[in-house]
Amino acid sequence: MVRLSSDERKNEIILAALPVFAEKGLHATTTKEIARKANVSEALLYKHFKSKDEIYSQIRDFCCTGAHEVALNILELP
């Protein structure tokens, strides 16, 4: 089993959480489901994130950062 760095593990958790949030929404998603999908324990999930809301916030920030760059490129189109 390969040991991931802290940043790699956080990214894995975020990638696992994304489809769960997309399917169930913020309020219906549980940290237990996210942990299961990421193949980690809830304790390890909480080692990297304070709450489910923090995971959701990081996903939102990532998506908005990428969207901002795309929007700027679209505005530059003729």
Looking only at heavy atoms, which two atoms of Lys52 and Thr31 are closest? And how far apart? CB-CG2, 3.8 Å
Please examine the side chains of Phe49 and Ile14, heavy atoms only from C-beta on, and report whether any two atoms are closer than 4.5 Å. yes
Is there a side-chain contact between Asp53 and Leu26, using heavy atoms and a 4.5 Å cut-off? yes
Could you tell me the separation between the NE2 atom of His27 and the CZ atom of Phe21, rounded to the nearest 0.5 Å? 10.5 Å
OH of Tyr56: more than 12 outside heavy atoms within 6.0 angstrom? no
Ala35 and Leu45 have their tightest heavy-atom pair at N-CD1, 3.8 Å
Run the salt bridge (charged side-chain N to carboxylate O under 4.0 Å, His left out) test against Lys24 and tell me which residues pass, sequence neighbours left out. Glu33
When you check the side-chain N and O atoms of Arg9 and Ser6, is any donor under 3.5 Å from an acceptor? no
Please assess Leu4 against Glu12 for the test side chain to side chain contact (heavy atoms under 4.5 Å, CB included), listing each intermediate value before the final yes or no. CA-CA 9 Å; Leu4 299 178; Glu12 290 290 315; 3.7 Å; yes
How far apart are the closest heavy atoms of Glu54 and His48, and which atoms are they? OE2-O, 4.5 Å
So how far is it from Asn39 CG to Leu44 CG, rounded to the nearest 0.5 Å? 11.0 Å
One should read off an interatomic distance between Glu23 CD and Lys37 NZ, to the nearest 0.5 angstrom, of 8.0 Å
Would Ile34 and Leu18 show up in the same hydrophobic cluster when neighbours are defined by side-chain heavy atoms closer than 4.5 Å? yes
Suppose we screen for side-chain hydrogen bond (donor to acceptor under 3.5 Å, both in side chains). Which residues come up paired with Gln58, at least two apart in sequence or across chains? none
